[in-house]
Amino acid sequence: ILARAMGLPIRTLFACVNANDVLHSLLQTGHLDSNPNAVPTLAPSMDIVVPYNLERILFLMSGRDQAKVRAWMTRWKKEGKVQLGGEERAI
């Protein structure tokens, strides 16, 4: 995401996931749900329900809009879920 923002001509972004599929789901649907039920897999470092560097990913997806990221994170921390708009998912 950052390389594309810096001008690298990237057409497609691939997100490698395991059964928990958190980052890929966020990129595809714009929906982040903090379901506490991570599925144990053979890749325990990826058995997460919140992607590492979530705020940074959201910041880049929002077009560097700090207020939007703050609102998303506040809503996510209060309600446990957040939905991004279509324009944010078009990274």
Side-chain angles (χ1 to χ4, degrees):
I1 298 170
L2 186 57
R4 179 185 279 175
M6 293 175 69
L8 191 64
I10 298 173
R11 291 186 192 166
T12 305
L13 179 66
F14 292 93
C16 298
V17 299
N18 63 9
N20 293 296
D21 194 27
V22 177
L23 181 58
H24 177 257
S25 179
L26 173 63
L27 295 173
Q28 287 295 110
T29 67
H31 184 71
L32 178 65
D33 188 351
S34 59
N35 181 353
N37 300 321
V39 177
T41 69
L42 295 175
S45 63
M46 290 181 62
D47 294 346
I48 58 172
V49 293
V50 179
Y52 176 73
N53 283 329
L54 175 63
E55 290 90 347
R56 183 176 298 158
I57 293 167
L58 292 176
F59 181 67
L60 295 170
M61 291 176 75
S62 72
R64 300 174 181 247
D65 186 335
Q66 295 175 15
K68 194 176 278 190
V69 174
R70 189 176 306 111
W72 286 334
M73 293 305 295
T74 300
R75 186 176 319 124
W76 178 72
K77 288 175 182 173
K78 283 183 180 178
E79 301 172 14
K81 22 180 115 172
V82 69
Q83 181 69 45
L84 310 183
E87 66 276 2
E88 288 89 11
R89 295 191 338 249
I91 54 172

| said: With salt bridge (Lys or Arg N to Asp or Glu O under 4.0 Å) as the rule and sequence neighbours excluded, what pairs involving residues 59-68 come up? | reply: Lys68-Glu88

| task | Measure from the side-chain N and O atoms of Thr29 to the backbone N and O of Leu26, and report whether any donor-acceptor pair falls under 3.5 Å. | result |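 A pair under 3.5 Å: no.
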
| query | How would you list, by chain and number, every residue that makes a side chain to side chain donor-acceptor pair (under 3.5 Å) with Asp47, sequence neighbours excluded? | reply | Asn18, Asn20, Thr41

| said: I'd like to check the side chain to side chain donor-acceptor pair (under 3.5 Å) partners of Thr74; sequence neighbours left out, ordered by chain and number. | reply: none

| request: Please examine the side chains of Val22 and Leu32, heavy atoms only from C-beta on, and report whether any two atoms are closer than 4.5 Å. | output: yes

| field | side-chain contact (heavy atoms from CB on, under 4.5 Å) partners of Asn53, counting only residues at least two apart | value | Arg56

| Under the side-chain contact (heavy atoms from CB on, under 4.5 Å) test, which residues partner Glu79, sequence neighbours left out? |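 Glu79 satisfies side-chain contact (heavy atoms from CB on, under 4.5 Å) with Arg75 only.
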
| Residue pair Val82, Met73: steps toward the side chain to side chain contact (heavy atoms under 4.5 Å, CB included) verdict | CA-CA 8 Å; Val82 69; Met73 293 305 295; over 6 Å; no

| field | Straight-line distance of Trp76 CH2 to Asp33 CG, nearest 0.5 Å | value |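 Between Trp76 CH2 and Asp33 CG, I get 10.0 Å after rounding to 0.5 Å.
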
| said: Hydrophobic clustering (ILVMFWY, side-chain heavy atoms < 4.5 Å, transitive) - are Leu60 and Met6 grouped together? | reply: yes

| query | Do you know which two heavy atoms are closest between Trp72 and Leu58, and how far apart they sit? | reply |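 Taking every non-hydrogen atom into account, CZ3-O, 3.7 Å.
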
| query | Members other than Leu42 in its cluster, when Ile, Leu, Val, Met, Phe, Trp, Tyr link by side-chain heavy atoms under 4.5 Å? | reply | none

